[in-house]
Amino acid sequence: MKFNTKTIHGGQQPDAAYGAVMPPIYQTSTFAQATPGGHKGYEYARSGNPTRHALENAFASIENGTHGLAFSSGLAAIDTILKLLKHGDEVISTNDLYGGTYRLFTKIFENFGVKFHFIGMQNAKDIENYINDKTKLIWVETPTNPMLNIIDIVATVNIAKAHNVLLAVDNTFATPYLQRPLDFGADIVMHSATKYLGGHSDLVMGALIVKDKELADRLYFIQNASGAICGPQDAFLALRGIKTLHIRMQRHCENGKAVAEYLAKHPKIENVYWPGFETHPNHAIAITQMRGFGGMVSFTTKGNNYDEAIKIVEHLKVFTLAESLGGVESLAGHPASMTHASIPKAEREKIGVVDSLIRLSVGIEDEDDLIADLKQAIEVQ
Ligand code: P1T
């Protein structure tokens, strides 16, 4: 099956009971047993639920994995990966990453004796400087949030394999429509399904996808033992969202390009971060591992003035000022005070998250309306 068919049919079958084309929402916490252990595949809904299971199959299908797991949030999915580790283990992570992931690593898992190295991975060879026999996980976001750096997945896979270290890729910004890390040899793909997979800003969810049964079993054990599963209603919504992922992503890519090109020409704008520009430092890698550049665009204003950036985001009308991304509607955010506020200012600024940085999640509205909205907000007196 090709990708555009998988988004609709991948891992799905009409419901066995009545042939419902969409999986029913099994809103139940438990399942009857004829005799202890004599059940029909499900016993307690933390351990498994048919609606969630249908979604997990869809996750596996679109990422070319063999096993998917659905969680109550993206961070719950990341938390599960980190629980594969133990005291004394080390992790090498991209230094440009979602602030909440950074907070989970540094404020929770450091307390349990896991050590993190946050490094720029644009030159994958640099990872080797931090690998030692305690290194158990390489954590990669690509494109990164919010600077839209691109990390070379194949080069990172080669390093991870040479040192027998797990490689997890947060594929939230790209989605499997644009990039499939398991195909390149990554061990785990993670999503904040809250974003493009759900696609309609109406749920919070996480996903893990792997293609190795033993790793799937270990992750499932942690999911069941820790309990951060998603509910059946959200599973249903995510399944519905995934069915249009391919057509939404096409429009996100088109509108993202139009917005990035508009901003790049605007005299009040200093830098525009979008991997589709030939001048983007990692453009050459992007074209080898992505089939498009997505709908995320970040930019700074000339003079790098905090108040001016705040004024711009406050004056946007079609773009909504809000955390999150990846829905059909356009959103704007100010990373330094919103999504990345949990990263200390000095660390933030080293990677480019300066006071005037604005991050756009370009939606699928009419591109003329999006550009007119940006124009009026940027040019407001
Ligand atoms: O919000 P949650 O579903 O728990 O997912 C966390 C997460 C993980 N990885 C990436 C790349 C993310 O962007 C996020 C969540 N990000 C936002 C809420 C945001 O506005 O950037």
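Note that ligands are numbered from 1 as they come in the structure, with each ligand's atoms numbered from 1 the same way.
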*Should N95 and K350 be marked as a side-chain contact (heavy atoms from CB on, under 4.5 Å) after you check the CA-CA gap, both sets of side-chain angles, and the distance that decides it?*
CA-CA 9 Å; N95 59 359; K350 264 192 238 160; over 6 Å; no
_Identity and separation of the nearest protein heavy atom to atom 9 (N) of ligand 1_ = D170 OD2, 2.6 Å
_Enclosure of E349 CD (heavy-atom neighbours >12, cutoff 6.0 Å)_ = yes
_With nothing but distance in play, are any N or O atoms of V204 less than 3.5 Å from an N or O of ligand 1?_
no
*Relative to ligand 1, is L325 under 4.0 angstrom through side chain, backbone, both or neither, heavy atoms considered?*
side chain
*Nearest protein heavy atom with distance in Å, relative to atom 13 (O) of ligand 1*: N145 ND2, 3.0 Å
*Does S324, backbone or side chain, put an N or O under 3.5 Å from an N or O of ligand 1?*
yes
*L167 and T156: which non-hydrogen atoms are nearest, and at how many Å?*
CD1-CG2, 3.8 Å
*Provide, to 0.1 Å, the distance between atom 3 (O) of ligand 1 and the closest protein heavy atom, together with that atom's residue and name.*
T194 OG1, 2.6 Å
*Looking at the rings of F31 and H39, which for Trp means the six-membered one, are their centres under 6.0 Å apart?*
no
*Say whether, by atom type as modelled, one donor and one acceptor occur between the side chain of T51 and the main chain of P24 under 3.5 angstrom.*
yes
*Ignoring angles and geometry beyond distance, decide whether T339 reaches within less than 3.5 Å of ligand 1 through its nitrogen or oxygen atoms.*
no
*asked:* Using a 4.0 Å heavy-atom cut-off, which part of L75 comes near ligand 1: side chain, backbone, both, or neither?
replied: both
*Heavy-atom distance to atom 18 (C) of ligand 1: which of E141, K195, M296, E323 wins?*
K195
*For the residue pair F116 and F118, categorise the inter-ring angle as parallel (less than 30°), tilted (30 to 60°) or perpendicular (more than 60°).*
parallel
*Hey, is NZ on K243 packed in by over 12 heavy atoms from elsewhere, all under 6.0 Å?*
yes
*Minimum-distance protein heavy atom relative to atom 6 (C) of ligand 1*: Y98 CE2, 3.5 Å
*Report yes if R359 has an N/O atom closer than 3.5 Å to an N/O atom of ligand 1; otherwise report no.*
yes
*At the 4.0 Å heavy-atom cut-off, does M205 count as touching ligand 1?*
yes
*Among K375, E379, K302, find the one that has a side chain to side chain donor-acceptor pair (under 3.5 Å) with H266.*
E379
*Does M190, backbone or side chain, put an N or O under 3.5 Å from an N or O of ligand 1?*
no
*With ring centroids as reference points, do Y196 and H191 lie under 6.0 angstrom apart?*
no
